Amino acid sequence: MKIKTLAVAALCSLAMMPTATQKMKAENPFFEAYGTQFNIPPFERINDSDYLPAIEEGIRRHNAEIDAIVKQRSMPDFENTILALDNSGQLLENAMYVFSGLYEAKSTPELQKIGETVFPLLSKHSDEVMMNELLFDKVKQVYDRRNELNLTEPQIRLTEKYYKQMVRNGALLSPEKKAELSAINERLATANLKFGDNIVNDTNNWRLVVDNEADLSGLPASSIAQAKEEAEAAGMPDKWVFTLRAPSRLPFLTYADNRALREKMYNGYINLANTGNEYDNKALIGEILRLRQQKARIFGFDTYADYQLDNVMAKTVKAAEDLLMTIWEPAVAKSHEEIADMQDYVNSHGGNFKIAAWDYYYYAEKVKKEKFNFDENDVRVYFPIDSVRKGIFTMAERLYGISFKEVSDVPLYHPDVKVFDVTDADGKHIATFMTDYYARKGKRQGAWMFVFQEANGSKNVRPIVYNVGNFTAPAAGETALLTLDEVETMFHEFGHGLHGMLTKAQYKGNAGTSVDRDFVEFPSQIHEHWMLTPELLKEYARHYKTGEVIPDSLVEKLIASSKFNQGFANVELVGAALLDLAWHTNKDLDNLDAAAFETSVAKRLGMPEEIQFRYRSTYFNHIFSSDGYAAGYYTYLWAQVLDCDGFEVFEKNGVFDPATAARLKKVLESGNDADPMTLYEGFAGHRPTADALLRDKGLK
């Protein structure tokens, strides 16, 4: 996942709220100035018992601020209405950024219990603000006069944003429909929360226990050591335990020679939250979809997909589907070639079976080694995590003239976290950047970027941005070595981070990643392209023991193999996006059978049986644990059109060309201050097409 999405949507748009407090304010860190370097939250002083009082008090204060906007007697204008709204709810925002951040990065049963109260409370408060008739009247008066008030483009866009947001959240509905919508939103908040919690809990509970050392054949030593640590922690010192977390699951599927155990691991993953236990998500899928359909129809839309896409760049379901099918058909054709290559490998090496889904990672790696004469383990030794971090910092310095300096003696929410002071070419502080890269129990799967403090140009506040990952933690005294996929993830999330760190948007509501959902992935994905540029590889890809720069011969193999297995990768990704749209355009929501629905979609698309959707429905966190990417997973592909087209501009001019980099920096700095397509065309000099994407993936 790429940008963090929990149930903070209402918070990010509006800020938040509070009520009377059970703790004295002096005892609750949220009720006073943090007094820390860069205003980092004082994590070591925050207790679980602090969240609810701070959130309740934040709601109360936010309500008072909204009331002040409503009651002011002057003619509504940008400053006294739109800007006042944009800057309201600071206490609520502070408390929720910390709570939601830790809820996903180091979840505990205690935090999950608090969340059962907090997220419905937030949903109710958001509805009360969005449906406040007197507030909407003030906003509408500014919106209706926006062309008469001599507003700047950023002011107009922020005004339009709040107006449209309130309309899309019920401001124009009748009292009866507002009550109906509020009830739906509250039920959705609870169902979304439960869906995500079930995935975390089921992931924590599942394990593959291996009794015999012979069954570990093919696995890297680091994976075996990690499995031994898991077994010892579980009280089974004579065994090896593998989990569904990515650092355990992916190496097992890629390298374990024991085919039967690979099948168990694979089936464990694709049946996550789908085994009929207390964490089963099938019933929740039906509940969430029915509630979303009801919500869409309240606003006059035929389906929830129509409702969601009406407010983004794509505009229509057909536009999104047309793009996806442009990629889908060549990706399927390429995947058949890849499967044939793997079947030939099986047949020529004494196999007597047909390739199955649990064989894909394993035999793709075998074919890759045969074709290009290297495998992941040859490469990982050149990607120690600290060197890769240095690589992303070097990329940012050469492109944008910014520097990163690690700082100590600052609050941390976990010992794995590192903190950096980000400065511009003149040495001026522009952001705080935090990283939390290693997998652990209680952390949601995937990777994401978010903030503990949003930039606010109107108050000269700079952001606190963080990246979270799920990479394999090193054993004591060892070095964490990354796979190519993990390196790509690091560059991707750092791209989101740059979008947040470099922002010069004039107002908080326009800052950083507060852009159209189908534009938000462009900054992250374009920065992935620098990962394998020879100029940058030579600076950061160094052997973890000797410091030797990655050899030219290996760089050539990396680049030559970069289009390998792209049929599989794009069938997985595009398939998931098409499944998402299929769910949210489906009108027959009674007696849903998730597995049967997935099968029908796969059959209609002609999906190869050897490949599964990247996320099966019961663990499709992006679209069911929040509304952020619902009917919007296609945006990863939409943004790939932009990033592949955009990077070809760099390839033409030079991958670190100053003029081209300056134009891209303008995009990152602007946030929502300007139209996204206008920003893109100002950078690239033309409108994008899908041709560059197909070339980049070797599909054309």
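Since this is a predicted model, take the numbers as computed values, not measurements.
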query: Residues in ring pair (Phe, Tyr, Trp, His ring centres under 6.0 Å) with Y400, at least two apart?
result: H527
Counterpart residues, ring pair (Phe, Tyr, Trp, His ring centres under 6.0 Å), relative to Y619 (two or more places apart):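 Testing Y619 for ring pair (Phe, Tyr, Trp, His ring centres under 6.0 Å), a comparison that skips the adjacent residues, returns Y269.
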Heavy-atom pair with the smallest gap, counting every atom of [X] and [Y]:
X    : Y    : value
K441 : N204 : CG-OD1, 3.5 Å
R663 : V649 : NH2-CG1, 3.9 Å
I339 : E610 : CD1-OE1, 3.3 Å
P247 : A439 : CG-CB, 3.6 Å
M449 : G497 : CG-N, 3.9 Å

Non-hydrogen side-chain atoms of [X] and [Y] separated by less than 4.5 Å:
X    : Y    : result
E488 : H529 : no
E376 : Y255 : yes
R380 : L482 : no
D378 : F372 : no
L208 : V241 : no
F491 : L536 : yes
F650 : L664 : yes
N467 : F433 : yes

Not counting sequence neighbours, which residues clear side chain to side chain contact (heavy atoms under 4.5 Å, CB included) with [X]? List them please.
X    : result
E110 : D48, T108
D341 : V367, K371
A221 : none
A256 : L219, F252, R262

Residues 554-569, side-chain donor-acceptor partners within the protein, below 3.5 Å, at least two apart:
unit_1	atom_1	unit_2	atom_2	d
K557	NZ	N373	O	3.2
S561	OG	K557	O	2.9
S561	OG	L558	O	3.1
S562	OG	I559	O	2.7
Q566	OE1	N570	ND2	3.2

field: Residue pairs fulfilling side chain to side chain donor-acceptor pair (under 3.5 Å) with at least one residue in residues 216-233, sequence neighbours excluded
entry: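 Qualifying pairs: S217-D257, E230-R245.
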Interatomic spacing from [atom1] in [X] to [atom2] in [Y] - rounded to 0.5 Å:
X    : Y    : atom1 : atom2 : result
E365 : Y360 : CD    : OH    : 13.5 Å
D696 : D643 : CG    : CG    : 7.0 Å
S387 : I550 : OG    : CD1   : 11.0 Å
L102 : K443 : CG    : NZ    : 11.0 Å
L642 : L693 : CG    : CG    : 10.0 Å
T432 : Q453 : OG1   : CD    : 7.5 Å

Taking atom types as modelled, find out whether [X] and [Y] have a side-chain donor-acceptor pair closer than 3.5 angstrom.
X    : Y    : value
T203 : Q445 : yes
D197 : Y103 : yes
N653 : T660 : yes

Sorted by first residue and then second, give each salt bridge (Lys or Arg N to Asp or Glu O under 4.0 Å) pair with at least one member in [range]; sequence neighbours left out.
range            : value
residues 390-405 : R398-E539
residues 407-423 : E406-K418, D416-R440
residues 472-481 : none

Check for a donor-acceptor pair, side chain of [X] on one end and backbone N or O of [Y] on the other, with a separation under 3.5 Å.
X    : Y    : value
R614 : A576 : no
T503 : G512 : yes
K366 : Y361 : no
S248 : T243 : yes
R616 : I270 : yes

task: Let me see the working for F620 and Y633 under ring pair (Phe, Tyr, Trp, His ring centres under 6.0 Å), right down to the final yes or no.
output: CA-CA 10 Å; F620 207 158; Y633 195 72; 5.2 Å; yes
H622 and Y615 aromatic ring geometry - parallel, tilted or perpendicular at 30°/60° bounds: tilted
query: Parallel, tilted or perpendicular: which fits the ring planes of F683 and Y680, with parallel below 30° and perpendicular above 60°?
result: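 Judged by the thresholds at 30° and 60°, the geometry between F683 and Y680 is perpendicular.
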Ring centers of [X], [Y] separated by less than 6.0 Å:
X    : Y    : answer
F43  : F99  : no
F471 : Y437 : yes
Y629 : Y636 : yes
Y382 : Y544 : no
H499 : F522 : no
Y97  : F452 : no
Y466 : W448 : no

field: Those residues that, when tested against K334, pass salt bridge (charged side-chain N to carboxylate O under 4.0 Å, His left out) (two or more places apart)
entry: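 By the salt bridge (charged side-chain N to carboxylate O under 4.0 Å, His left out) rule, K334 matches E337.
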- line: In K264, R259, E263, the residue satisfying side chain to side chain contact (heavy atoms under 4.5 Å, CB included) with L261 is K264
